[in-house]
Asker: 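Please find one structure pasted underneath; my questions will follow.
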Amino acid sequence: MAGRHIAHGEIVLWPPFLTAMNNAADTAVMLKEMAAVGIPMTLALILVWIGLVLVYEKVLAPQPVESRLLGK
């Protein structure tokens, strides 16, 4: 994703680093896009990660083996 932003000239190597920060109108559009796309994308990623952790814990995690020596 960062590569796409660099290729489209949205990120530069000098301050303020984001070309949308050069004027207030572009900054407002940038913040609106971040709220509309970035936040849902982040939440979806977190939910997928939680789902994968739950699947691992419930299905894929190694089951404890009963020890014959200790009688447990």
Side-chain angles (χ1 to χ4, degrees):
M1 188 63 111
R4 179 196 159 282
H5 289 301
I6 291 169
H8 290 177
E10 297 167 350
I11 299 174
V12 292
L13 299 176
W14 52 88
F17 303 110
L18 299 171
T19 57
M21 298 294 288
N22 288 331
N23 65 47
D26 288 344
T27 302
V29 171
M30 176 192 68
L31 293 175
K32 186 176 180 182
E33 182 178 340
M34 288 171 70
V37 178
I39 293 172
M41 188 183 303
T42 301
L43 293 175
L45 180 68
I46 291 170
L47 289 174
V48 167
W49 177 71
I50 290 171
L52 290 172
V53 169
L54 291 174
V55 167
Y56 175 79
E57 291 292 328
K58 301 290 185 191
V59 178
L60 301 174
Q63 301 298 320
V65 177
E66 199 174 299
S67 174
R68 293 182 190 156
L69 297 175
L70 298 176
K72 293 183 180 182

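Worth saying up front: this structure is predicted, and the values here are computed from it rather than measured.
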Asker: Looking at CD of Glu33 and CG of Leu31, how far apart are the two atoms once the value is rounded to the nearest 0.5 Å?
Answerer: 10.0 Å
Asker: Do Tyr56 and Val59 share a hydrophobic cluster, counting only Ile, Leu, Val, Met, Phe, Trp and Tyr and linking them when any side-chain heavy atoms are less than 4.5 Å apart?
Answerer: yes
Asker: For the residue pair Asp26 and Thr19, establish whether any side-chain heavy-atom pair is separated by less than 4.5 Å.
Answerer: no
Asker: To the nearest 0.5 Å, tell me how far Leu18 CG sits from Thr27 OG1.
Answerer: 9.0 Å
Asker: To the nearest 0.5 Å, what is the distance between CG (Leu54) and CG (Leu60)?
Answerer: 11.5 Å
Asker: Between Glu10 and Met30, is any pair of side-chain heavy atoms under 4.5 Å apart?
Answerer: no
Asker: Out of curiosity, does Met34 fall in the hydrophobic cluster containing Met41 (side-chain heavy atoms, cut-off under 4.5 Å, transitive links)?
Answerer: no
Asker: Test of understanding: clusters of I, L, V, M, F, W, Y form through side-chain heavy atoms closer than 4.5 Å, transitively. Do Ile50 and Val53 belong to the same one?
Answerer: yes
Asker: Looking only at heavy atoms, which two atoms of Pro40 and Ala35 are closest? And how far apart?
Answerer: CD-O, 3.5 Å
